Amino acid sequence: MMQKKRWKTLLLAAVFAALAAGCGNDAQPKETAAPGETGGANEGAVADAGQDEDTVADTKRVPAAGEGDLLARIQEKGEIVIATEGTWAPWTFHDEDDNLVGYDVEVARKIAEKLGVTATFVEGEWDGLFAGLDSGRYDIVANGVEVTDERAEKYDFSDPYGYIRTAIIVKGDNDEITSFEDLNGKTTANTLASTYALLAESYGATATGVDDLNQTIELLLAGRVDATLNAEVTFYDYKNAHPESDLKVAALTNEASLVCIPFRKDADCDSLREAVNRAVAELSEAGELSELSQKYFGSDISQKE
């Protein structure tokens, strides 16, 4: 009898011990972070404590230093990277001492000064300029870029710093081409995908791709193409340097094209575009654009006629 009671007593003790062990985890207090060591979701709750909704919303709209703002990154770096051809006088070319000069080059340098940074130019072929802009290797392009409907779908543009008409240039003895409609069935030479090549093709011409203006003129004078399209002022600059060349302007567009600086169509570039617009306006009001235009073109292309 005593053994049965002792056995029951031991059995009950074991049951109570098991029940106590099974409830232990729920009974223990949860760990709390020491003061100043909160993290994760708790950290957000602490950060928002004491802030009204407007303050919190404003905080969410402001990016971290330099993030989402190309202008801020450029100014932090102290340098703006500018793509240009360097082979298209008088817009962007090398002088007798091999210095990169031209209307676009000097305008871009002055814009960089307004931004408080150094202008770093990277030279390359026309198509590569926009490929580099797309990929973010270049911040802007300064190369006599004209605004077209097609380009406006892909890029944002600054306010214009030049107004130019497009000329059809032919050999002196060519009387077959006297209008843009006469380009139908003819051959032209231009940088492929340029404004001029696209315009020639829109009138039915077949465009032959070239690398630069000199190659264009060589093909034209050799009779390998019928015509070329280019900025009117570029033609006059070439004739001033080569008065013996047997070339003439066959026709001109009625409306002037806008020469602007393209930007990636991205909110990241909005503040840079606004800053460039302010710089262009200041340069125009100060007469600096007019001076540079007279220097390189012998006329003022910075103002709309």
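On a predicted model such as this, the values are computed, not experimentally measured, just so you know.
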- Query: At their closest point, which heavy atom of G102 faces which heavy atom of Y296, and how far apart are they?
  - Reply: N-OH, 3.3 Å
- Query: Is D175 paired with K248 through a side-chain N to carboxylate O contact shorter than 4.0 Å?
  - Reply: yes
- For A112 and T118 the tightest heavy-atom approach is CB-C, 4.3 Å
- T228 side-chain N/O to N190 backbone N/O, donor-acceptor pair under 3.5 Å: no
- Query: Do you reckon I80 sits in the same ILVMFWY cluster as V105, going by side-chain contacts under 4.5 Å, direct or chained?
  - Reply: yes
- Query: Hey, does R73 have a side-chain heavy atom less than 4.5 Å from the side chain of D268?
  - Reply: yes
- Query: Which of parallel (below 30°), tilted (30 to 60°) and perpendicular (above 60°) describes F130 and Y155?
  - Reply: tilted
- Would you check, one step at a time, whether the test side-chain contact (heavy atoms from CB on, under 4.5 Å) holds for I164 with E232? CA-CA 7 Å; I164 58 174; E232 177 186 14; over 6 Å; no
- Hydrophobic cluster membership, F297 vs L229, 4.5 Å side-chain cutoff: yes
- Begin with the C-alpha distance, continue with both residues' side-chain angles, and end with the deciding distance and a verdict on side-chain contact (heavy atoms from CB on, under 4.5 Å) for N184 and Y203. CA-CA 6 Å; N184 187 33; Y203 281 96; 6.0 Å; no
- Task: Verify the distance criterion only: is there a donor paired with an acceptor across the side chains of N277 and S158 at less than 3.5 Å?
- Result: no
- Item | S271 versus D69, side-chain donor and acceptor atoms under 3.5 Å | yes
- Taken to the nearest 0.5 Å, the spacing of E146 CD from T166 OG1 works out to 4.5 Å
- Stepwise side-chain contact (heavy atoms from CB on, under 4.5 Å) test for I301 and Y103: CA-CA 10 Å; I301 72 162; Y103 181 64; 4.0 Å; yes
- Task: Could you give me the CA-CA distance, side-chain angles and deciding distance for Y163 and L258, then say whether side-chain contact (heavy atoms from CB on, under 4.5 Å) is met?
- Result: CA-CA 5 Å; Y163 300 85; L258 307 182; 3.3 Å; yes
- Kindly check if the number of other-residue, nucleotide or ligand heavy atoms within 6.0 Å of CD (Q294) is above 12? yes
- Message: For V280 versus D159, what's the shortest heavy-atom pair and its separation?
- Response: CG1-O, 4.4 Å
- Give, for atom CD1 of I261 and atom CD1 of I140, the distance between the pair rounded to the nearest 0.5 Å. 4.5 Å
- Could you check if a side-chain atom of T216 sits within less than 4.5 angstrom of a side-chain atom of I169, using non-hydrogen atoms only? no
- Message: Exactly one of N143, D237, D212 should register a side chain to side chain contact (heavy atoms under 4.5 Å, CB included) with W88. Which one does?
- Response: N143
- Query: Side chains of S179 and D182: is there a donor and an acceptor less than 3.5 Å apart?
  - Reply: yes
- Out of curiosity, does L283 fall in the hydrophobic cluster containing Y161 (side-chain heavy atoms, cut-off under 4.5 Å, transitive links)? yes
- Query: Has E244 got more than 12 heavy atoms of other residues, nucleotides or ligands less than 6.0 Å from its CD?
  - Reply: yes
- Separation between CG (L133) and CZ (R137), nearest 0.5 Å, reads 10.0 Å
- Message: Same cluster or not: I217 versus L192, using hydrophobic residues (I, L, V, M, F, W, Y) connected whenever any side-chain heavy atoms lie under 4.5 Å apart?
- Response: no
- Message: Please determine whether residues I82 and I74 belong to a single hydrophobic cluster, defined as Ile, Leu, Val, Met, Phe, Trp and Tyr linked transitively by side-chain heavy-atom distances below 4.5 Å.
- Response: yes
- Exercise: identify the closest heavy-atom pair between T191 and A197: O-CB, 3.5 Å
- Query: How close do V141 and L129 get, heavy atom to heavy atom, and via which atoms?
  - Reply: CG2-O, 3.8 Å
- Looking only at heavy atoms, the pair that brings N254 and R165 closest together is O-CD, 4.1 Å
- Message: Under a plain distance cut-off of 3.5 Å, with no hydrogens placed, do E79 and T120 share a side-chain donor-acceptor pair?
- Response: yes
- Looking only at atom types and distance, does a side-chain atom of Q75 sit under 3.5 Å from a main-chain N or O of L115, one as donor and one as acceptor? yes
